[in-house]
Amino acid sequence: MNMLKTKKTLSQCERILIHLQSGKTINPLQALNLYGCFRLGARIYDLKQAGFDIDSRLVHENGVQYAEYSMRGTEQ
């Protein structure tokens, strides 16, 4: 990742990767609100294809099911 980029010019993938590497989880609603990302699953796929080890789990809450993503080995 090019460290000369400003936060404003980072791609959605880069922003999501930084979020995950900081030890946080992310779900589709957070991705939309924080990064304007409507297709979190597609961005996670892109990151996995680039070699990043990203875990997913299904969350069932108030009759709604969604995926939540995290990375192993990141600081909490």
Side-chain angles (χ1 to χ4, degrees):
M1 186 179 332
N2 184 353
M3 297 315 259
L4 297 177
K5 290 184 176 185
T6 65
K7 185 176 182 182
K8 204 171 198 177
T9 64
L10 293 176
S11 71
Q12 287 178 344
C13 279
E14 290 168 326
R15 290 178 184 188
I16 291 165
L17 179 60
I18 290 167
H19 182 99
L20 292 170
Q21 287 177 328
S22 72
K24 301 174 190 169
T25 61
I26 193 164
N27 65 48
L29 187 56
Q30 290 172 317
L32 179 59
N33 290 333
L34 294 172
Y35 310 117
C37 179
F38 282 91
R39 298 186 63 222
L40 178 60
R43 301 297 69 85
I44 295 297
Y45 176 84
D46 294 341
L47 291 169
K48 285 182 176 184
Q49 291 295 78
F52 294 98
D53 188 19
I54 300 173
D55 294 324
S56 62
R57 72 178 187 106
L58 284 180
V59 177
H60 302 274
E61 192 173 88
N62 299 324
V64 177
Q65 177 179 305
Y66 58 90
E68 182 176 76
Y69 302 95
S70 62
M71 287 183 82
R72 277 183 260 166
T74 55
E75 58 187 55
Q76 293 292 328

Inset, instruction - Using the side-chain contact (heavy atoms from CB on, under 4.5 Å) rule, pick out the option among I16, I44, L20, L17 that qualifies with F52. - result: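 Exactly one pass, corresponding to L17.
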Legend entry - Whether over 12 other heavy atoms sit under 6.0 Å from Y66 OH: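 Buried by this count: over 12 neighbours within 6.0 Å.
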[atom1]/[X] to [atom2]/[Y] distance, rounded to the nearest 0.5 angstrom?
| X | Y | atom1 | atom2 | answer |
| --- | --- | --- | --- | --- |
| R43 | Y69 | CZ | OH | 11.5 Å |
| H19 | Q30 | NE2 | CD | 5.5 Å |
| E68 | D55 | CD | CG | 11.0 Å |

Inset, instruction - Determine, stepwise, if the pair Y35 / I26 fulfils side chain to side chain contact (heavy atoms under 4.5 Å, CB included). - result: CA-CA 11 Å; Y35 310 117; I26 193 164; 3.7 Å; yes
Please report the closest heavy-atom contact between [X] and [Y], naming both atoms and the distance.
| X | Y | result |
| --- | --- | --- |
| S70 | T25 | CB-CG2, 3.9 Å |
| A67 | P28 | O-CD, 3.2 Å |
| I54 | K48 | O-CE, 3.2 Å |

Inset, instruction - Spell out, as yes or no, whether a donor-acceptor pair under 3.5 Å connects the side chain of N27 to the backbone of L29. - result: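 Yes, because the side chain of N27 sits within donor-acceptor range (under 3.5 Å) of the backbone of L29.
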Legend entry - side-chain hydrogen bond (donor to acceptor under 3.5 Å, both in side chains) against D53, all qualifying residues, sequence neighbours excluded: none
